[in-house]
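Just so we're clear, the structure is a prediction, and the values are computed from it rather than from any experiment. Order of the sequence lines sets the chain letters (A, B, ...), proteins ahead of strands, with each chain counted from 1.
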Number of protein chains: 2
Amino acid sequence: MPTPTDSDLPASHGLYPIRHVCAETGINPVTLRAWERRYGLIRPLRTPKGHRLYSAEDIARIRRILELLDEGVAVSQVGRVLQHETPAAGSSDRDRHAPLLLDDAAFGTHTHRPGGGIAPHVLDPITDTLLETTRALDTVQLERSYARLLMRHGWEGVHERAFLETYETLREAARHDPLDEARFAVFTAWAVSSLSDQLRSALQLCEGPTCPCVVPASGHRRLNGLLLLLASARQGLRVLPLQDVVSPAAMQALTEQLDAPAIVVHTPSRSLQSSAFEGLQRLLRADGVPAFLAGEGARGLADLNGPRPLEILPPSPLAAADQLSRQLLDPAER
Amino acid sequence: MPTPTDSDLPASHGLYPIRHVCAETGINPVTLRAWERRYGLIRPLRTPKGHRLYSAEDIARIRRILELLDEGVAVSQVGRVLQHETPAAGSSDRDRHAPLLLDDAAFGTHTHRPGGGIAPHVLDPITDTLLETTRALDTVQLERSYARLLMRHGWEGVHERAFLETYETLREAARHDPLDEARFAVFTAWAVSSLSDQLRSALQLCEGPTCPCVVPASGHRRLNGLLLLLASARQGLRVLPLQDVVSPAAMQALTEQLDAPAIVVHTPSRSLQSSAFEGLQRLLRADGVPAFLAGEGARGLADLNGPRPLEILPPSPLAAADQLSRQLLDPAER
DNA sequence: CAGGATTGTACAACATTTGTACATAAATTC
DNA sequence: GAATTTATGTACAAATGTTGTACAATCCTG
């Protein structure tokens, strides 16, 4: 067994003690340890007694860190950058340079990997991307992927079809595999939050009369409702989102108070507690401003006869939004 | 349609502190902050402690702003121009740069609104403001008011008490008056959306292991759950929000896949369909990583004996988040 | 020209970041 | 076994940031 040469490096193993690394890079050992402790920037191997052993890659990584620092990146953020620079490196590497504690297991390698998992290729390529990214269960990654898709294909391009298609595909897959169920849950949560967010932004730019919209609070129609709201708001229609559990009385009061020109009601899921469902029926049957019926089940609700004018919107959220805004917005302002 | 630059978004995912941005662009940090405060020209990300982090895009945007200023455009108008220039690129971006706050305009210490105050002053003044604003049923205004409160009292100041107090007050009022029910619905919808949005932003800065959190999908505990998630994320804990309808199997799969150090379960509403409720019980009874129980009813769930370690969190969402992050995050000098 | 809004900057009071120092214990080297 | 190096935890301090408030110089506008 060759003893490590005294003065210099045990280069035979390619592993260097901290003193060598510091001499090489000019960093104070204390700093190097602080980086490791605080940000997990480098995670050297250890001797059985705990002494650090840096590999050549570690040193290269440190050099890269110095570059980034020089560039002005905050030390606390360097880790994130590096993580994105070396996404596909072997998972062992990833473990080693993870932030402080353990790290997440998978994260979206997301290079077009047609050999991949769940999705057959009949699907829209956009859907494919979304699905692929969702597999990693990393919402931040999902966010990025989504932003990129938006940039490439435009809002309509992504939401015309792919968005709901992704949702449905995942929903289907969720039936068979618990992990897919988890993916479905994560995607749904993210989607709802993202759409709500966009809705809020879009509404800031809307003017004109407010139009209360009753949309499903839960269930698989929820995204449809949100898409309808968002698409309408993007056209400039100032919608006011309400969940389908509001009482008819509240809706009436609201409509009056706001002097709303119309209300929109999205078909609720069948599973909705019948009390709420009946509430909606009662609302529609009551007198008042015109009501627009959205969603696949709209036709079924249109039979109610009452004094309130009812109008059926197309099943596609985007198309429905088009028609809505066409009828409710003053053409002069657009 | 060929995309002009199909190159991926920012090659550098670096996030820069304000000092670097200022050195780079020559703007006084004070000015940069004033632009943000007054016109929302750039809305950088924030570290959990509130330090600004500018992305490469942000810097590019600042350069563009300087160009416009040079062209003679008024600072106050730059936002409008930019918004027009960048039409449909991710709406979330639009939100990030939306104008929001007022400035030096001395908004009085909220003594009396000329519109006639109804709320008795036993309530927190912050609550009072929120209630007052909610009366108008205008979410955009609510947004502004909220932003102002945040500025004045800080996030904790607003959410420690006032936020939920407002919610409960409205919920109570909703029982008696349809219009108040409508207000309650509007406030809730807005609150959920706002908190979700903040959560998404906060998560972008979180590192470390992902911690799945089961929170109520609906009902009056929903905001509690969201607050817990958000407060935790603000401390740097990378939570993964899941609604309380996920199956135990999915949770197990998820936990394994992510190699999560623990799971968090917020007490569901009693009204939760018993199947889902039992699912949670089953999940808690199963073997696995430690589970933290949050919410007022946590104590009631802790009796289950199973192999999984259970720990009860304080009922206040903020306090719970504190404890959570203290136990799950690396104790390195925070 | 007076009164008001715009807009860049200054300052105070306080919090965070981050490199480094120190004390103590343990390992390594000679 | 003495001298040196390292690990770990705690602690600091200087630089940097943050918010709220204030103010002066401009620029409008009637």
Side-chain angles (χ1 to χ4, degrees), chain A residues 3-10 15-23 25-41 43-54 65-66 68-69 72-79 100, chain B residues 15-23 25-41 43-54 65-66 68-69 72-79 99 101-109 147-158 205 234-236 330-334:
Chain A
T3 325
T5 39
D6 44 287
S7 60
D8 238 359
L9 31 144
L15 293 177
Y16 311 85
I18 195 170
R19 101 186 74 94
H20 176 253
V21 179
C22 291
T25 61
I27 305 180
N28 188 321
V30 188
T31 305
L32 205 47
R33 285 192 279 258
W35 283 357
E36 178 181 342
R37 169 167 31 100
R38 302 212 252 234
Y39 320 109
L41 283 188
R43 200 68 71 85
L45 294 176
R46 301 289 191 118
T47 71
K49 300 298 187 159
H51 283 205
R52 277 160 249 253
L53 290 176
Y54 294 82
I65 292 175
L66 288 176
L68 286 173
L69 288 184
V73 179
V75 192
S76 51
Q77 302 304 314
V78 164
L100 305 176
Chain B
L15 293 176
Y16 306 86
I18 196 171
R19 87 185 90 94
H20 176 251
V21 180
C22 291
T25 61
I27 304 180
N28 188 321
V30 189
T31 305
L32 205 47
R33 285 192 278 256
W35 284 357
E36 176 181 345
R37 170 166 29 102
R38 305 211 250 233
Y39 321 108
L41 282 189
R43 196 78 62 92
L45 293 175
R46 300 290 192 117
T47 72
K49 295 303 176 65
H51 283 204
R52 276 160 252 253
L53 289 176
Y54 295 82
I65 292 175
L66 287 177
L68 287 173
L69 289 185
V73 180
V75 193
S76 50
Q77 301 308 310
V78 165
L101 311 178
L102 307 178
D103 187 32
D104 316 344
F107 27 90
T109 323
R148 208 172 318 171
L149 285 176
L150 278 186
M151 266 190 70
R152 209 178 192 47
H153 305 277
W155 195 87
E156 278 78 12
V158 175
L205 296 179
R234 286 173 58 92
Q235 309 248 348
D330 189 65
E333 323 158 27
R334 321 208 76 258

With sequence neighbours left out, the residues meeting ring-ring contact (aromatic ring centres under 6.0 Å, His included) with B/His20 are B/Tyr16

### Query
According to a strict under-4.0 Å criterion, is B/Tyr39 in side-chain N/O contact with OP1 or OP2 of C/dT6?
no

- Counting only side-chain N and O atoms of A/Thr47, is one of them less than 4.0 Å from OP1 or OP2 of C/dA27? no

Contacts of B/Arg52 meeting side chain to side chain donor-acceptor pair (under 3.5 Å) (sequence neighbours excluded), chain-then-number -> B/Glu36

Between CD1 of A/Ile65 and C1' of C/dT18 the distance, given in whole Å, is 15 Å

Respond yes when some side-chain nitrogen or oxygen of A/Arg52 is under 4.0 Å from OP1 or OP2 of D/dT6, and no when none is.
-> no

Sorted by chain and number, sequence neighbours left out, side-chain contact (heavy atoms from CB on, under 4.5 Å) with B/Ala23 holds for none

B/Lys49 atom NZ is separated from C/dT18 atom P, nearest whole Å, by 12 Å

* Give a yes/no on whether any side-chain N or O of A/Asn28 is located under 4.0 angstrom from OP1 or OP2 of C/dT18. => no

Any donor-acceptor N/O pair under 3.5 Å between C/dG8 base and B/Arg38 side chain: yes

As a check of understanding: the bend across the helix from C/dC1-D/dG30 to C/dC30-D/dG1, end axes from five pairs, rounded to 10 degrees, works out to 30°

side-chain N/O A/Thr31 vs C/dT20 OP1/OP2, d < 4.0 Å: yes

Out of D/dT18, D/dA7, C/dG19, minimum distance to the side chain of A/Trp35 belongs to C/dG19

Rounded to whole Å, the CZ-C1' distance (B/Arg33 to C/dT7) equals 16 Å

